Amino acid sequence: MYPNLYYAFHDLFGLDIPLLKLLQTFGFFVAVAFLAAAYVLTSELKRREQLGWLTGVPEKVITGKPVNMTEVLIHGLLGFVLGYKILGLTFEWAEASQDLQSYILSSRGNLLGGIVLGGLFAYLKYRSAKKQELPKPKEETVMIMPHQRVPDFTVMAAVAGLLGAKIFHNLENWGEFVQDPIGALLSFSGLTFYGGLILASIVIIRYAAKKGINIWHLIDSAAPGLMLAYGVGRMGCHFSGDGDWGIYNSSYITDAAGKVQAVDPSKFQEVVKANEQFFTRQYGMLEHIPHAPFTKPGGLSFLPDWFFAYGYPHNVINEGVQMAGCTGKYCNVLPIAVYPTALYEIIVCLLLFAALWSLRKKITVPGVIFGIYLIMNGVERFFIEKIRVNTKYDIFGFHPTQAEIISSLMVIGGAALVWYCRKIYKAAKPVV
């Protein structure tokens with residue numbers, strides 16, 4: 001596993017670049033997911049604009065306004081923070097390089113560096129604004145097309161998505177939240193995809209409605225990008241080992257070096273007993289540990305064992321037991337291999353993205369593509385939940401997870417949306 005990009009570059013290319021420790025693997029893939037989704041959304045919006053399905057909205061823009069000192073101060077503050085940390089790292093590199101993330105999040109730094117770079121940023125912003133200033137500001141009317149709103153959509157999705165993901169995760173794990181609410185809210189871990197999707201969708205749809213964008217065509221345009229972003233985001237989960245994995249596959253164990261070994265499922269309790277301290281800390285008791293045996297079928301012998309069971313050595317959350325001969329910050333491995341569910345979702349979601357991308361020109365009834373996306377995503381997540389580790393609820397004798405409830409509603413809602421849209425809209429001639 002690669003907790004941050006330093007480990008990835010060191011393992012894959014043999015490069016030793018300590019500064020890469022600042023770039024968390026999960027965060028890197030989340031950023032790539034947003035950029036990929038933004039690119040796909042922009043491309044699809046442009047296509048629909050060329051077909052005349054989406055139109056621009058005239059907006060008044062004022063140019064040549066006086067220098068905004070608030071913006072100057074914000075740029076100065078940004079420069080101060082960067083200079084404070086950069087020069088601090090320069091003078092304290094020997095110590096700071098041991099744990100760059102902790103150093104960046106601390107109050108340590110260099111005051112002189114902050115003042116110099118902060119002043120430079122403020123001056124450059126002031127000079128740039130001064131050059132654009134006119135004796136008398138002018139008001140112009142410009143046509144803003146939907147694809148030009150994508151940067152706004154991206155920022156809104158990032159902020160609302162993070163907030164929604166954090167809220168839904170804490171609701172799902174209420175007991176942990178109550179024990180340490182401040183830590184749970186400020187932690188970089190603990191995010192629920194559906195929470196982010198729901199809140200981000202509400203915020204973006206409200207914004208789009210105010211800007212006069214056709215909502216049906218907008219959500220259809222977003223559907224392939226959403227599926228792609230989900231698949232890419234899951235790469236961050238898998239390659240960092242952030243705990244988003246499945247239940248234990250009791251047909252495999254991991255050795256002290258983190259290698260997966262096939263064993264008889266009857267040895268499961270023996271391995272649990274040998275690692276009693278770890279499992280007791282995780283589950284409180286040794287009788288109800290989620291597991292299911294599955295040995296690689298002969299017909300799939302060409303696939304590696306880790307495709308069916310993986311111990312996530314060097315995972316970013318330090319889950320598991322100490323690896324033999326390992327020193328440093330990330331030296332844990334799961335004693336019993338788990339189903340790498342994030343890997344399965346990567347494969348499935350990339351295939352579903354390809355399916356949605358190929359369907360987008362063949363289905364012309366507005367809203368139907370998004371309905372299909374809801375069905376696909378809901379079905380995929382519902383079945384993967386069967387082997388994922390998640391909190392279960394007790395509802396009238398049933399024990400679904402939060403994701404199973406939401407994914408079921410997505411399938412029902414998607415089917416209803418397809419039926420409704422096909423009923424109220426006439427399909428236009430397919431565009432090839």
Side-chain angles (χ1 to χ4, degrees), residues 30-68 70-72 74-75 78 124-125 128-134 137-164 196-233 353 356-357 359-361 363-371 373 421 425 428 431:
V30 168
V32 172
F34 272 102
L35 292 175
Y39 176 81
V40 170
L41 175 58
T42 301
S43 174
E44 183 59 9
L45 287 174
K46 285 182 177 180
R47 186 182 75 86
R48 291 173 183 258
E49 290 166 5
Q50 292 173 353
L51 293 171
W53 296 351
L54 286 167
T55 57
V57 176
E59 283 193 2
K60 292 182 178 180
V61 177
I62 299 176
T63 58
K65 292 188 292 184
V67 176
N68 187 324
T70 300
E71 293 182 358
V72 173
I74 291 174
H75 277 72
L78 175 61
L124 292 175
K125 177 61 181 177
S128 174
K130 199 67 178 176
K131 286 181 178 179
Q132 299 175 18
E133 185 178 343
L134 298 174
K138 294 191 303 183
E139 184 177 271
E140 299 176 341
T141 299
V142 296
M143 187 67 69
I144 306 295
M145 301 300 291
H147 78 268
Q148 294 175 292
R149 309 277 188 188
V150 171
D152 295 341
F153 294 151
T154 304
V155 173
M156 291 177 185
V159 176
L162 178 62
L163 182 61
L197 176 65
I198 291 170
L199 189 57
S201 297
I202 293 172
V203 171
I204 290 174
I205 287 174
R206 288 191 61 185
Y207 172 80
K210 289 181 179 179
K211 297 300 182 180
I213 300 175
N214 185 295
I215 301 301
W216 296 115
H217 283 296
L218 174 62
I219 60 177
D220 277 349
S221 301
L226 286 172
M227 191 65 80
L228 176 61
Y230 187 43
V232 175
F353 160 70
L356 286 171
W357 192 248
L359 288 173
R360 77 192 198 287
K361 292 184 178 180
I363 298 176
T364 57
V365 179
V368 170
I369 289 291
F370 189 73
Y373 158 76
C421 292
Y425 286 96
V431 179

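Everything quoted here is computed from the prediction, not taken from an experiment.
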A.B. asks: Please list, chain by chain and in numerical order, all residues satisfying salt bridge (charged side-chain N to carboxylate O under 4.0 Å, His left out) with K65, sequence neighbours excluded.
C.D. replies: none

A.B. asks: Work out which heavy atom in L54 is nearest to a heavy atom in P146; give both atom names and the distance.
C.D. replies: CB-CG, 4.1 Å

A.B. asks: Donor-acceptor pairs under 3.5 Å, side chain of residues 148-162 to any protein atom, not counting sequence neighbours: which ones?
C.D. replies:
| unit_1 | atom_1 | unit_2 | atom_2 | d |
| --- | --- | --- | --- | --- |
| Q148 | OE1 | M145 | N | 2.7 |
| R149 | NH1 | E59 | OE2 | 3.1 |
| R149 | NH2 | E59 | OE2 | 2.5 |
| D152 | OD2 | Y207 | OH | 2.7 |
| T154 | OG1 | V150 | O | 2.9 |

A.B. asks: Rounded at 0.5 Å granularity, tell me how far CD1 in I213 sits from OG1 in T55.
C.D. replies: 9.5 Å

A.B. asks: Looking at K130 and E133, is any side-chain nitrogen of the basic one under 4.0 Å from a carboxylate oxygen of the acidic one?
C.D. replies: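 Yes, charged N to carboxylate O under 4.0 Å.
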
A.B. asks: Working to the nearest 0.5 Å, report the span between NZ of K46 and CD of Q50.
C.D. replies: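 Reported value, rounded in 0.5 Å steps: 8.5 Å.
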
A.B. asks: Taking atom NE2 of H75 as the centre, does the number of heavy atoms from other residues, nucleotides or ligands within less than 6.0 Å exceed 12?
C.D. replies: no

A.B. asks: List for me each residue that meets ring-ring contact (aromatic ring centres under 6.0 Å, His included) alongside Y39, sequence neighbours excluded, and say none if there are none.
C.D. replies: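 Residues passing ring-ring contact (aromatic ring centres under 6.0 Å, His included) with Y39: none at all.
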
A.B. asks: Taking atom NZ of K211 and atom CD1 of I204, what is their separation to the nearest 0.5 Å?
C.D. replies: 14.5 Å

A.B. asks: If you look at every heavy atom in A209 and I215, which pair is closest and at what distance?
C.D. replies: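 Looking at all heavy atoms of both residues, the closest pair is N-CD1, 3.8 Å.
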
A.B. asks: Minimum heavy-atom separation for G164 to L199, with atom names?
C.D. replies: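 Closest heavy-atom pair between G164 and L199: N-CD2, 3.5 Å.
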
A.B. asks: Restricting to non-hydrogen atoms, name the atom on L134 and the atom on T63 that form the minimum distance, rounded to 0.1 Å.
C.D. replies: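 Taking L134 first and T63 second, the nearest heavy atoms are CD1-O, 4.1 Å.
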
A.B. asks: Return a table of donor-acceptor pairs under 3.5 angstrom between the side chains of residues 219-229 and protein atoms on other chains or two or more places apart.
C.D. replies:
| unit_1 | atom_1 | unit_2 | atom_2 | d |
| --- | --- | --- | --- | --- |
| D220 | OD1 | G367 | N | 3.4 |
| D220 | OD1 | I369 | N | 3.3 |
| D220 | OD1 | F370 | N | 2.9 |
| D220 | OD2 | G367 | N | 2.6 |
| S221 | OG | R48 | NE | 3.2 |
| S221 | OG | H217 | O | 2.7 |

A.B. asks: With sequence neighbours excluded, tell me which residues meet side-chain hydrogen bond (donor to acceptor under 3.5 Å, both in side chains) with W216.
C.D. replies: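 For W216 the side-chain hydrogen bond (donor to acceptor under 3.5 Å, both in side chains) partners, ignoring immediate neighbours, are Y425.
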
A.B. asks: Between S201 (side chain) and L197 (backbone), is there a donor-acceptor pair under 3.5 Å?
C.D. replies: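 Yes.
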
A.B. asks: Show your working on side chain to side chain contact (heavy atoms under 4.5 Å, CB included) between Y373 and L356 and close with a plain yes or no.
C.D. replies: CA-CA 7 Å; Y373 158 76; L356 286 171; 4.1 Å; yes

A.B. asks: How would you list, by chain and number, every residue that makes a side-chain contact (heavy atoms from CB on, under 4.5 Å) with K60, sequence neighbours excluded?
C.D. replies: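 Counting only residues at least two positions away or on another chain, K60 forms a side-chain contact (heavy atoms from CB on, under 4.5 Å) with E139, T141.
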
